[in-house]
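To start, the structure itself, in structure tokens.
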Amino acid sequence: MGLWDKLKGELVDIIEWTDDSRDTIVWRFPRYENEIKMGAQLVVRESQTAVFVNEGQIADVFTPGTHTLETQNLPILSTLKGWKYGFESPWKAEVYFVNTRQFTDFKWGTQNPIIVRDPEFGAVRLRAFGAFAMRVVDPARLLRELVGTDSQFRTEEVQEYLRQLVVGHLGGALGRANVPLLDLAAQQLTIGNTLASVLTDELAPNGIAITKFIIENVSVPPEVEAALDKRTSIGVVGNLDAYTKFQTANAIEDAANNPGEGGAAIGLGLGMAAGQRAVQAMNTPGAPAAPAMPPPLPAAEWYVGVNGQQQGPFDLTGLAAQAQAGSLTRDTLVWKNGMAGWLAAGQVPELGSVFAAVPPPLPPQ
């Protein structure tokens with residue numbers, strides 16, 4: 001040790017600490033051979049506490065302010081030392097500055113899911129994560145229980161211990177809350193406040209309090225989320241039968257606007273679905289009888305050429321009546337959509353049934 005260090009040890013000290021780390025909870029003031037002079041100035045800032053440790057025993061605790069270290073200001077240390085010479089010589093002691101502000105950067109989360117009993121869904125596995133804030137409320141207890149002789153006690157040294165303590169109490173808190181799964185989001189603040197109180201009581205022997213506990217999110221496994229989504233969709237639809245009819249009507253309209261093979265397939269599918277519903281209705285005891293539906297109208301698509309003039313359109317029934325009356329013969333010209341031109345009625349195989357009951361013309365006499 002150099003001459004300057006020895007001379008410096010003889011000067012009146014100013015003992016203080018300014019924290020620029022943001023994560024230091026306790027810091028020990030470095031002294032040459034731990035000697036502190038009579039009349040030294042101790043500066044304790046707001047959000048700090050200074051703890052004197054002499055020969056391994058906590059001697060005094062100083063709150064914020066500037067303190068001159070004299071006999072009257074150190075009653076406990078004076079009693080422990082029991083000096084005979086008016087407390088004039090330097091003494092060896094350790095000074096620990098304890099940060100009493102809130103530390104808000106603690107995160108927590110469940111590595112494994114917590115199983116709780118839900119009144120609606122039964123046993124459910126939950127995961128959760130969030131944050132919490134802690135503060136030192138009893139510096140002496142903190143030094144005795146957690147810090148020991150550590151010269152710089154940081155948040156990372158206690159973070160895992162606190163996280164395990166949080167997760168250990170989380171399952172019990174969720175179970176005692178007796179809140180259904182679907183109402184957990186509305187009760188997260190209340191459950192968090194309850195957990196903060198429980199954890200503070202648990203950590204009281206260590207001199208630590210949990211000032212704020214935040215549950216940021218509670219989640220369920222993906223398969224449970226998928227089931228909840230389906231249930232929500234059904235709830236939004238409401239009356240499933242009315243929704244099916246609405247979808248059917250939309251499909252029929254789309255099929256009418258697209259008269260291709262796709263439209264025909266849709267029509268076939270809807271027809272089969274309607275038939276199934278009709279069969280189910282008939283097989284249901286006490287179900288009202290389906291209203292009688294009229295048969296489809298006959299297709300009128302034939303045109304007839306009579307005396308150089310076009311007449312029609314007629315359906316097959318109308319052509320048969322004209323054949324019976326004699327105004328339509330096998331030589332009468334006919335046409336419908338799809339034919340290349342006019343043909344004699346007798347040359348159209350499709351009209352064979354029209355002349356089935358009409359005798360052929362008499363042969364020449």
Side-chain angles (χ1 to χ4, degrees), residues 17 19-28 44-51 58 61-64 96-116 125-181 183-220:
W17 174 49
D19 178 25
D20 57 358
S21 66
R22 303 300 299 170
D23 64 349
T24 300
I25 302 176
V26 177
W27 182 78
R28 185 174 64 197
V44 183
R45 289 173 170 78
E46 293 291 342
S47 75
Q48 291 180 354
T49 299
V51 180
I58 293 177
V61 178
F62 290 87
T63 56
Y96 289 86
F97 284 92
V98 180
N99 206 332
T100 58
R101 71 172 179 85
Q102 285 195 92
F103 290 88
T104 59
D105 56 348
F106 288 94
K107 306 293 184 181
W108 66 270
T110 54
Q111 293 181 351
N112 298 312
I114 299 173
I115 300 178
V116 298
R125 292 181 295 132
L126 300 178
R127 291 182 182 271
F129 64 88
F132 64 93
M134 61 82 68
R135 168 183 285 162
V136 177
V137 293
D138 192 329
R141 286 186 175 183
L142 178 67
L143 261 67
R144 291 191 188 102
E145 300 297 330
L146 294 179
V147 178
T149 60
D150 193 346
S151 62
Q152 187 173 14
F153 187 72
R154 308 169 75 97
T155 56
E156 62 184 14
E157 299 179 55
V158 73
Q159 183 169 4
E160 181 60 21
Y161 168 68
L162 295 178
R163 190 199 68 80
Q164 292 176 355
L165 195 63
V166 166
V167 175
H169 284 275
L170 182 62
L174 292 176
R176 287 189 299 271
N178 197 26
V179 177
L181 175 62
D183 297 332
L184 271 179
Q187 298 296 325
Q188 285 180 186
L189 181 60
T190 302
I191 297 173
N193 292 336
T194 302
L195 267 172
S197 177
V198 171
L199 292 171
T200 296
D201 293 340
E202 180 83 10
L203 292 168
N206 298 321
I208 296 175
I210 301 300
T211 56
K212 189 68 175 178
F213 191 91
I214 301 171
I215 301 176
E216 187 173 344
N217 183 60
V218 178
S219 61
V220 296

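Just so we're clear, the structure is a prediction, and the values are computed from it rather than from any experiment.
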Can you tell me how far apart [atom1] ([X]) and [atom2] ([Y]) are? Round to the nearest 0.5 Å.
X    : Y    : atom1 : atom2 : result
I215 : F129 : CD1   : CZ    : 11.5 Å
M134 : D105 : CE    : CG    : 10.0 Å
L170 : W108 : CG    : CH2   : 5.0 Å
L143 : D150 : CG    : CG    : 9.5 Å
F103 : R135 : CZ    : CZ    : 10.0 Å

(request) Go through the structure and list residues passing ring pair (Phe, Tyr, Trp, His ring centres under 6.0 Å) with Y96, not counting sequence neighbours. (result) none
(message) Just to verify, what does F153 make a ring pair (Phe, Tyr, Trp, His ring centres under 6.0 Å) with, not counting sequence neighbours?
(response) none
Sub-4.5 Å side-chain heavy-atom contact between [X] and [Y]:
X    : Y    : value
V147 : I25  : no
I208 : L146 : yes
F106 : Q159 : yes
T63  : V44  : no

Ignoring hydrogens, what is the shortest heavy-atom contact between [X] and [Y]? Give both atom names and the distance.
X    : Y    : result
P139 : V98  : CB-CG2, 3.9 Å
A140 : I58  : O-CD1, 3.7 Å
P113 : R127 : CD-NH2, 3.4 Å
K212 : L189 : NZ-CD1, 4.2 Å

Pairing residues for [X] by the side chain to side chain donor-acceptor pair (under 3.5 Å) criterion, not counting sequence neighbours:
X    : answer
R125 : E223
E216 : none
S21  : D19, D23, T24
E160 : R163, Q164

Can you name the side-chain contact (heavy atoms from CB on, under 4.5 Å) partners of [X], sequence neighbours left out?
X    : answer
L184 : L126, L174, V179, L181, I191, V218
T104 : Q102, A133
S47  : N99, T100, R101

(request) Could you label the plane-to-plane angle of the F97 and W27 rings as parallel, tilted or perpendicular, counting under 30° as parallel and over 60° as perpendicular? (result) tilted
(request) From the options L203, N206, L199, select the one residue that forms a side chain to side chain contact (heavy atoms under 4.5 Å, CB included) with L162. (result) L203
(request) Please collect all side chain to side chain donor-acceptor pair (under 3.5 Å) contacts where either partner lies in residues 185-204, sequence neighbours excluded, each pair once. (result) none
(request) Sequence neighbours left out, what passes salt bridge (charged side-chain N to carboxylate O under 4.0 Å, His left out) with R141? Give chain and number order. (result) D138
(message) Run the salt bridge (charged side-chain N to carboxylate O under 4.0 Å, His left out) test against R45 and tell me which residues pass, sequence neighbours left out.
(response) E16
(request) Check the pair V61 / T49 against side-chain contact (heavy atoms from CB on, under 4.5 Å), numbers first and verdict last. (result) CA-CA 7 Å; V61 178; T49 299; 3.3 Å; yes
